[in-house]
K.L.:
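Please read through the structure below; I'll follow up with questions.
The model shown is predicted, which means the values in this text are computed figures rather than measured ones. Counting starts at 1 for both ligands and their atoms, following the listed order.
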Amino acid sequence: MPIIEVEHLTKIYRTQKRLPGLGGAVQGLFNREYTEVRAVDDVSFTIEEGELVGFLGPNGAGKTTTLKMLSGILYPTSGKARVMGFTPSERKNDYRRQFALVMGQKNQLWWDLPAQESLYLNKEIYGVEDEAYQKVLDEMTELLQVKKLLGIMVRELSLGERMKFELIASLLHRPRVLLLDEPTIGLDVVAQKNIREFIKEYNQKTKTTIILTSHYMNDIQALCDRVVVINHGHKIFDGRLDDVVEKFSQSKLITVSFKNGNISKDQLAPLGNVLEYTQVKAVLKVPRDQVKKTSNDLLTNFEVDDINIEEVPIEEVIEMVFKEGDQ
Ligand SMILES: Nc1ncnc2c1ncn2[C@@H]1O[C@H](COP(=O)(O)OP(=O)(O)OP(=O)(O)O)[C@@H](O)[C@H]1O
Ligand SMILES: [Mg+2]
């Protein structure tokens with residue numbers, strides 16, 4: 001049985017329209033008008049235990065809203081979510097003890113306490129036994145290399161260091177389901193990589209089920225075989241990341257270098273869209289089904305030194321997927 005089941009999940013935010021000024025406030029009392037935002041619209045998917053799924057979508061797509069419904073912070077307008085057999089919005093304590101939500105944009109640690117004490121408070125809140133706490137703490141601070149920072153006030157930690165402690169705090173009670181909402185946002189490349197590697201290792205070692213949102217394709221590529229893509233609240237893709245490329249990218253890139261540097265751009269133009277050009281090297285964007293023929297043409301008609309065929313960068317493909325959802 002899947003550990004997460006989402007069926008026709010929908011969230012409509014209703015916010016009151018208000019005219020400016022006092023008139024607006026008075027009018028608001030008698031004549032309430034609402035604007036509706038369909039943040040999540042009829043989304044269904046299932047996730048098996050141990051999976052690490054990437055949740056992708058442009059700003060405002062409905063990712064955080066979905067994760068909040070899975071955590072029980074928000075009630076769905078309609079449809080349902082079940083996680084580990086629980087209905088999150090019932091907010092049972094048994095459920096709370098088995099999942100965690102980490103939001104990169106939000107601080108969940110106590111700002112004015114040393115990291116260690118902030119973690120200790122989390123231990124108490126979740127009722128984690130002393131021994132288990134010590135074990136997780138040792139293990140995680142080692143893995144994330146933050147042992148020597150335990151005595152530092154949370155507010156004095158760098159963003160990356162704080163994120164590491166946020167992760168540790170969320171894992172103290174060893175949740176079976178971990179929801180990570182942009183855990184690497186704003187971090188430098190090194191910190192991003194550290195966190196990324198930690199998440200990967202943690203998932204492989206503990207088989208914790210993880211949903212991860214990130215705007216950094218590096219994160220998604222390194223961590224997630226499967227991605228769910230949403231846009232404007234709708235699910236537009238669910239499958240292997242590689243298949244996103246197959247499905248949405250109609251072209252490939254052929255990079256070719258020439259033995260003698262007297263090839264003109266005009267000679268190449270009939271073969272494909274010339275993205276980059278110097279006299280010795282060019283990059284052509286070519287429809288998928290013509291890659292073979294074009295490579296052949298290049299090899300027979302020019303003195304080719306080297307030829308290389310690649311997929312269009314994933315960022316670009318994802319951008320196209322998002323755009324498609326706009327129509
Ligand atoms: N509390 C709220 N009240 C009204 N509208 C909201 C509320 N929270 C979110 N929204 C709207 O719902 C939509 C989805 O927002 P959500 O935060 O889920 O997107 P997201 O995919 O997480 O985006 P981002 O990548 O920017 O974090 C947006 O249009 C947003 O403006
Ligand atoms: Mg969000």
Side-chain angles (χ1 to χ4, degrees), residues 4 6-19 24 28 32-45 47 52-81 83 88-89 91 99-108 159 162-163 166-167 170 177-187 192 195-196 199 210-221 223-224 226-238 241 244 314-327:
I4 299 177
V6 170
E7 262 177 61
H8 306 295
L9 197 64
T10 299
K11 178 73 196 181
I12 302 174
Y13 290 109
R14 303 181 90 205
T15 44
Q16 203 176 332
K17 248 192 228 166
R18 247 181 113 166
L19 301 172
R32 295 193 177 197
E33 268 192 73
Y34 294 93
T35 348
E36 290 195 343
V37 178
R38 278 182 173 268
V40 175
D41 198 357
D42 197 18
V43 167
S44 305
F45 57 81
I47 292 177
L52 199 177
V53 177
F55 203 33
L56 299 185
N59 289 128
K63 304 178 296 292
T64 300
T65 304
T66 305
L67 295 188
K68 281 183 174 169
M69 286 193 280
L70 292 180
S71 325
I73 298 174
L74 280 179
Y75 287 86
T77 308
S78 62
K80 62 181 182 186
V83 185
S89 55
R91 302 181 184 175
F99 91 94
L101 168 68
V102 178
M103 302 175 106
Q105 318 233 39
K106 240 186 186 167
N107 188 59
Q108 295 169 91
L159 198 59
R162 209 165 68 222
M163 197 55 225
E166 295 274 352
L167 277 170
S170 74
V177 170
L178 179 62
L179 308 173
L180 299 175
D181 197 7
E182 303 187 44
T184 56
I185 192 157
L187 305 187
Q192 268 183 34
I195 298 230
R196 200 183 294 148
I199 294 170
I210 301 176
I211 301 184
L212 166 81
T213 83
S214 175
H215 287 285
Y216 303 117
M217 280 314 295
N218 284 343
D219 286 347
I220 303 294
Q221 257 179 311
L223 296 175
C224 312
R226 174 181 166 199
V227 293
V228 172
V229 184
I230 63 168
N231 197 3
H232 299 300
H234 299 282
K235 187 175 94 170
I236 52 177
F237 181 86
D238 182 352
L241 185 60
V244 175
I314 187 91
E315 274 88 358
E316 243 175 76
V317 180
I318 291 290
E319 224 172 275
M320 277 178 347
V321 178
F322 292 169
K323 276 205 195 110
E324 194 145 311
D326 282 344
Q327 285 156 12

K.L.:
Got the closest protein heavy atom to atom 23 (O) of ligand 1, with its distance?
P.N.:
Gly60 N, 2.7 Å
K.L.:
Does Gly57 reach ligand 1 with a nitrogen or oxygen that is under 3.5 Å from one of the ligand's nitrogen or oxygen atoms?
P.N.:
no
K.L.:
Can you find a heavy atom in the side chain of Val229 that is under 4.5 Å from one in the side chain of Phe322?
P.N.:
yes
K.L.:
Are any non-hydrogen protein atoms located under 4.0 Å from atom 30 (C) of ligand 1?
P.N.:
no
K.L.:
Does any N or O in the side chain of Thr213 come within less than 3.5 Å of the main-chain N or O of Asp181, such that one atom is a donor and the other an acceptor?
P.N.:
no
K.L.:
Are there more than 12 heavy atoms of other residues, nucleotides or ligands under 6.0 Å from atom CZ of Arg226?
P.N.:
yes
K.L.:
Taking the side chain as every heavy atom from C-beta outward, state whether Arg38 and Thr77 have any pair of such atoms under 4.5 Å apart.
P.N.:
no
K.L.:
Specify side chain, backbone, both or neither for Thr64, according to which of its non-hydrogen atoms lie closer than 4.0 Å to ligand 1.
P.N.:
both
K.L.:
Decide whether Asp42 and Thr10 meet the rule of one side-chain donor and one side-chain acceptor closer than 3.5 Å.
P.N.:
no
K.L.:
Counting both backbone and side chain atoms, is some N or O of His215 under 3.5 Å from an N or O of ligand 1?
P.N.:
yes
K.L.:
Quick check: do Leu56 and Met217 have side-chain heavy atoms less than 4.5 Å from each other?
P.N.:
yes
K.L.:
Have a look at Leu241 and tell me which of Val317, Val227, Leu223 forms a side-chain contact (heavy atoms from CB on, under 4.5 Å) with it.
P.N.:
Val227
K.L.:
Under 4.0 Å from atom 12 (O) of ligand 1, do we find at least one protein heavy atom?
P.N.:
yes
K.L.:
Would one find an N or O of Ala39, backbone or side chain, under 3.5 Å from an N or O of ligand 1?
P.N.:
no
K.L.:
Look at the side chain of Glu182 and the backbone N and O of His215, then say whether any donor-acceptor pair between them is shorter than 3.5 Å.
P.N.:
no
K.L.:
Determine, considering heavy atoms only, which of Asn59, Ile12, Thr66 sits nearest to atom 26 (O) of ligand 1.
P.N.:
Asn59
K.L.:
Please determine whether Asn59 has a backbone or side-chain N, O or S atom lying under 2.8 Å from the Mg ion (ligand 2).
P.N.:
no
K.L.:
When you measure from atom 15 (O) of ligand 1 to every protein heavy atom, which one gives the shortest distance, and what is it?
P.N.:
Thr65 OG1, 3.8 Å
K.L.:
Return the closest protein heavy atom for atom 10 (N) of ligand 1 as residue, atom name and distance.
P.N.:
Tyr13 CE1, 3.3 Å
K.L.:
Please state which protein non-hydrogen atom is closest to atom 27 (O) of ligand 1 and give its distance, to 0.1 Å?
P.N.:
Glu182 OE2, 3.3 Å
